[in-house]
Every structure is written in C-alpha cells, then in structure tokens.
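Numbered from 1 within each chain, the chains take letters A, B, ... in sequence-line order.
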Amino acid sequence: MLDMKYIRENLEEAEKRLQTRGGSAYLAGFRDLDDKRRALLKEGEALKALRNAASEEIARIKDKSQAQDKILEMREVSQKIKSIDEELKLVDDQLSAFLLTVPNVPHPATPVGASENDNLELRKWGKLPQLDFTPKPHWEIGEQLGILDFERGAKLTGARFTLYRGAGARLERALINFMLDLHTDQHGYTEMLPPFMVNRDSMTGTGQLPKFEEDLFKLVDPDYLLIPTAEVPVTNIHRGEILKKSDLPILYTAYTPCFRREAGSYGKDTRGLIRQHQFNKVELVKFTHPSESDNELEKLTANAEKVLQLLEIPYRVMALCTGDIGFSAAKTYDIEVWLPGQDCYREISSCSTFGDFQARRANIRFREDEKAKPEFVHTLNGSGLAVGRTLVAILENYQQADGSVLIPAALRPYMGGLERITL
RNA sequence: GGAGAGGUGGCCGAGCGGUUUAAGGCAGCGGUCUUGAAAACCGCCGAGUGUAACAGCUCCGUGAGUUCGAAUCUCACCCUCUCCGCCA
C-alpha cells in the first residue's frame with residue numbers, strides 16, 4: 001500500500017511513476033474520496049468533542065433531573081454523530097479498498113520498459129555445456145529414467161501435478177536440504193517452517209489479496225488459502241509488530257510447497273515440471289532498515305546465485321523493467337537458468353525489494369531510537385531457489401549421451417553418495 | 001466435537017456505567033547519589049490521526065447494539081488456556 005500522505009501531496013508524480021508500469025489512471029478518484037473522508041472526519045470530530053465535554057458536565061451534576069436539557073440536546077448530537085460515522089465508514093472502506101488495489105511505485109533504479117523484452121541482462125555466469133548429441137528436454141529424460149511420472153500425477157489429481165519416483169524424489173529432497181543448509185550455515189539466515197495455508201489478513205499483508213484471489217487455491221470450510229509462496233507466511237511472521245532496530249536486518253529462509261492456480265496460463269508450459277500447480281521452493285525473506293534495502297537486495301540475489309554456482313549450472317541475471325515487475329515489487333532481479341533441452345533461459349528465482357509497500361500493509365515497523373516514532377521497515381524476498389526448476393536444470397545440463405544424468409558434485413553427499421542416475 | 005475459564009499499553013496486572021487524561025508493578029530512558037557499578041530516590045515512558053506547536057479525535061480481541069456517556073452492560077464472531085473425547 002502506498003502512503004496516503006505521499007499520494008495526497010504528490011498526486012501527479014505518483015501517477016506518472018505508476019504509469020511506467022503500463023496502465024493508466026491508477027489514482028483516479030483518490031482526490032475526491034480523500035477530500036470527502038477528511039471533511040466528514042473533521043465534522044464528526046468536532047461533534048464528538050462537544051459530546052465528550054457535555055458528558056463530563058452531566059457526570060458532575062449530582063441531580064440528573066437538572067441535566068435533562070443537556071441530555072436531550074446530546075441525544076440529538078449523538079444521532080448526528082452516528083449518521084456521520086456511518087457515512088465516514090462507507091467512504092473509508094471505499095478508500096482503503098481502492099488503495100489496496102494500487103500497485104507499488106517502481107524503484108528509481110528499475111529500468112523503464114513496457115514488457116519482458118525490455119528487461120536488462122546484468123551478468124552471465126558459467127559455460128554453456130558443449131554436448132555432442134542433441135539434448136533432450138527434462139520430461140523425456142525424467143520419464144525415460146522412471147523418476148518423473150506425469151501421467152500418474154494427472155491421474156492422482158489433474159493436469160500440472162507430477163509424481164516423483166525413486167532417485168527423482170530423492171533429488172528433490174536433496175536439493176531442499178542442500179539449499180537450506182547453504183543459506184543457514186553460510187549466509188546467516190534462520191530456518192523457518194511455516195503453515196502452508198494462511199488467512200486473508202496474511203494474504204492481504206503481502207499483496208496477493210484483494211486483487212489476485214483467482215490465482216489462489218482456497219479451502220471451502222475454514223476460509224483459509226493455500227500459500228503461493230513462502231513469502232506470504234514468512235513476511236507475515238512480524239505483521240503488526242514493532243521490531244528492535246538492533247535486530248535488523250532479520251533474515252529468514254523457509255522451505256514450503258507452493259500452490260498456484262495458474263489461471264490465465266492455459267496452454268503455456270504444459271509439458272514437464274516448469275509450470276505446476278504445486279511445486280517446492282526454498283525462499284529467502286529479509287526485514288531491513290530502509291537505508292539498507294538496496295544493499296540487501298544485492299546480497300540476497302548473490303545468495304540465490306550461489307546455489308547455481310555450487311551446482312555448476314549456467315545462468316544469467318536480469319533486471320526486470322517497470323512493465324514486468326510484480327504488483328508489490330519496487331525492483332526485481334530474475335535469475336534465469338540455462339536449459340539446453342529447451343535451448344533457452346528460464347526463470348528460476350525472482351528477487352525483489354518491496355520498499356515499505358508490504359510493511360505498510362502488514363504494519364511491520366521499527367524504531368530509529370528508543371524515543372522515536374515507529375517507522376516502516378523494508379521487506380525483501382527471493383527464491384533461493386525454485387526446487388522443481390532446479391531439478392529440471394540438473395536433468396538437462398547434466399544429461400549424458402547414454403540417457404543417464406550425472407549428479408552435481410556438491411549434491412552427492414545429499415544423495416547418499418550417488419554419482420549418476422541411470423535406468 | 002463436549003464442558004469451563006479468559007483476552008486491558010513492550011511484559012505482568014487492577015478496573016465491571018461518569019475525577020480513567022487506563023491504578024500499580026516490571027522492563028526501558030534521563031537524572032541525583034557514587035571512583036565506577038549496584039541499591040535507593042526523582043522524572044519520563046503505548047499507538048494512530050491531526051497541528052507551526054498546542055488542542056481535538058480514535059484505539060482496552062473483532063464487529064454490531066443499548067446509553068447523554070461503554071474497558072465496564074447486551075448479542076455475534078475470532079483467538080488463547082484447562083479438562084474430557086478423538087487422533088499422527
């Protein structure tokens with residue numbers, strides 16, 4: 001959520017910056033609602049002050065029959081207050097509902113552009129594998145080795161669900177442990193294991209609600225929603241809290257499955273593991289001092305990159321442009337991994353800073369010093385990494401001419417010493 | 001699922017219709033004293049909104065209601081704890 005005061009005082013600038021995302025008239029209607037709200041507030045408060053003073057007076061009069069005039073007068077004032085409050089609540093609800101649907105203002109460093117074609121490539125890492133045979137896509141490798149079963153996944157649930165088997169299941173689990181160990185032991189993150197379903201307040205805090213409900217899986221009876229990313233429960237850990245400045249930055253990592261409806265992506269990536277309704281991810285989340293968030297985004301991205309470096313898989317880092325960043329994000333780096341079986345780079349991690357956008361929604365604050373007023377922290381998060389897509393990258397980059405797949409050296413201890421997956 | 005108890009400021013905890021601007025304590029901050037520390041004593045010490053600064057207004061789990069006036073009374077919901085049942 002944007003700062004109302006900022007919008008009020010910088011309406012044109014805010015609108016202009018928002019429009020670099022590609023839409024138009026993001027803030028239309030704000031001025032009217034805001035003026036109306038403030039007028040009602042002022043009127044109501046004046047009447048309440050009057051009533052409070054009169055109530056005190058009535059309290060002091062011992063013989064209440066002497067106070068009848070005042071009481072009758074206040075009865076009318078209270079009626080007036082009630083109707084103003086009702087109207088105010090209506091306007092208030094409209095205004096906050098409106099503000100919750102306005103996306104974040106892009107960071108000044110986010111390159112301006114209309115679509116993913118305008119994203120900037122910042123750096124490349126690793127050598128693309130030179131294969132003396134035609135590389136296969138991971139779904140063929142996985143099916144041939146008997147470690148990925150797409151048909152039975154569909155039988156058990158439906159499209160975009162996959163059954164992992166044997167060394168495939170083990171590899172997924174090895175990757176989860178490998179990533180968590182790296183981030184906790186080497187990068188200073190504290191491991192969390194949060195609930196996989198959350199309430200509406202949590203989804204609103206990070207920005208999934210109210211605008212993106214159709215992307216979420218919902219439970220029927222308690223009104224809970226399955227998390228689309230660990231970002232939601234982990235960022236909401238500190239919802240409504242005032243943190244100690246000395247505790248910042250707070251670094252959390254968490255493994256969770258992620259559940260996404262993928263509404264609107266019918267026919268996209270229908271083969272293989274790339275786009276599933278349920279996938280595993282190890283997430284990195286930070287709560288930082290506002291002055292440190294830019295730095296911390298660089299570090300967080302480097303932490304995610306480290307996973308691919310240790311696995312020795314080539315990748316590149318992209319700076320997303322204003323037209324391609326997510327609703328809550330101010331600035332985003334995508335890490336794209338090389339997939340020889342598909343002859344392209346695919347997103348495997350998305351690392352973002354949200355500025356105070358989520359902190360304002362979720363009311364997460366800190367104090368500059370003991371006596372200072374609380375201020376909003378900055379929140380950041382990134383995949384470290386998407387596990388299923390990492391498994392895809394291993395299958396495609398480490399595939400051999402005979403159909404087997406080598407296990408990256410860093411992962412072998414997590415695979416019981418297994419060096420190669422064969423039929 | 002059944003029965004009971006309870007949700008008050010960073011924490012503990014009083015208050016159950018009108019000097020409550022939420023008692024008191026702990027923690028925290030500042031000071032006196034001290035070589036220094038501790039102890040003792042004194043002062044400050046929730047959040048939001050608003051103002052040049054005051055003032056004003058709102059907030060005692062959430063929402064509705066009764067009343068001139070609600071932390072306090074009524075109703076609904078949420079959450080926590082205890083016991084019973086069931087259960088990995």
Within the pair [X] and [N], is there a side-chain N or O less than 4.0 Å away from OP1 or OP2?
X        : N      : answer
A:Lys5   : B:rG50 : yes
A:Arg75  : B:rC68 : yes
A:Arg60  : B:rU19 : no
A:Ser78  : B:rU67 : no
A:Arg365 : B:rG48 : yes
A:Asn52  : B:rC68 : no
A:Arg200 : B:rU62 : no

Does a side chain donor of either [X] or [Y] reach within less than 3.5 Å of an acceptor in the other side chain?
X        : Y        : result
A:Gln358 : A:Thr379 : yes
A:Ser404 : A:Thr422 : no
A:Gln144 : A:Lys136 : yes

Quickly work out the [X] [atom1] to [N] [atom2] distance and round it to whole Å.
X        : N      : atom1 : atom2 : answer
A:Ile61  : B:rG18 : CD1   : C1'   : 12 Å
A:Asn363 : B:rG48 : CG    : C1'   : 9 Å
A:Tyr6   : B:rU49 : OH    : C1'   : 22 Å
A:Ile242 : B:rC45 : CD1   : C1'   : 14 Å
A:Glu56  : B:rU19 : CD    : C1'   : 9 Å

How far does the [atom1] atom of [N] sit from the matching atom of [M], given to the nearest Å?
N      : M      : atom1 : value
B:rG25 : B:rG15 : C1'   : 15 Å
B:rG7  : B:rU62 : C1'   : 12 Å
B:rC59 : B:rU21 : C1'   : 15 Å
B:rU19 : B:rC57 : P     : 15 Å
B:rU58 : B:rA64 : P     : 15 Å
B:rG30 : B:rC45 : C1'   : 10 Å
B:rC44 : B:rG9  : C1'   : 16 Å
B:rG61 : B:rU72 : C1'   : 16 Å

inquiry  = Could you identify the nucleotide paired to B:rG69, looking across every strand shown and requiring Watson-Crick or G-U wobble geometry with both distances under 3.5 Å?
reply    = none
note = Any strand, both distances under 3.5 Å, Watson-Crick or G-U wobble: B:rA40 pairs with B:rU32
key: Listed nucleotide nearest any side-chain atom of A:Arg51, set B:rC79, B:rC68, B:rC57   = B:rC68
ask   = Closest to the A:Glu45 side chain: B:rA47, B:rG69, B:rG56?
value = B:rG56
ask   = Between the main-chain N or O of A:Leu380 and the side-chain N or O of A:Ser293, is there a donor-acceptor pair closer than 3.5 Å?
value = no
query = Is it true that a side-chain atom of A:Thr157 and a backbone atom of A:Ala154 form a donor plus acceptor pair closer than 3.5 Å?
reply = no
task = Would you mind classifying the nucleic acid contact of A:Lys244 as base, sugar-phosphate or nothing, using non-hydrogen atoms under 4.0 angstrom?
result = nothing
ask   = So what does A:Ala49 touch, heavy atoms closer than 4.0 Å: a base, only the sugar-phosphate, or nothing?
value = sugar-phosphate
inquiry  = I need the A:Asn363 CG to A:Asp201 CG distance, nearest 0.5 Å.
reply    = 11.5 Å
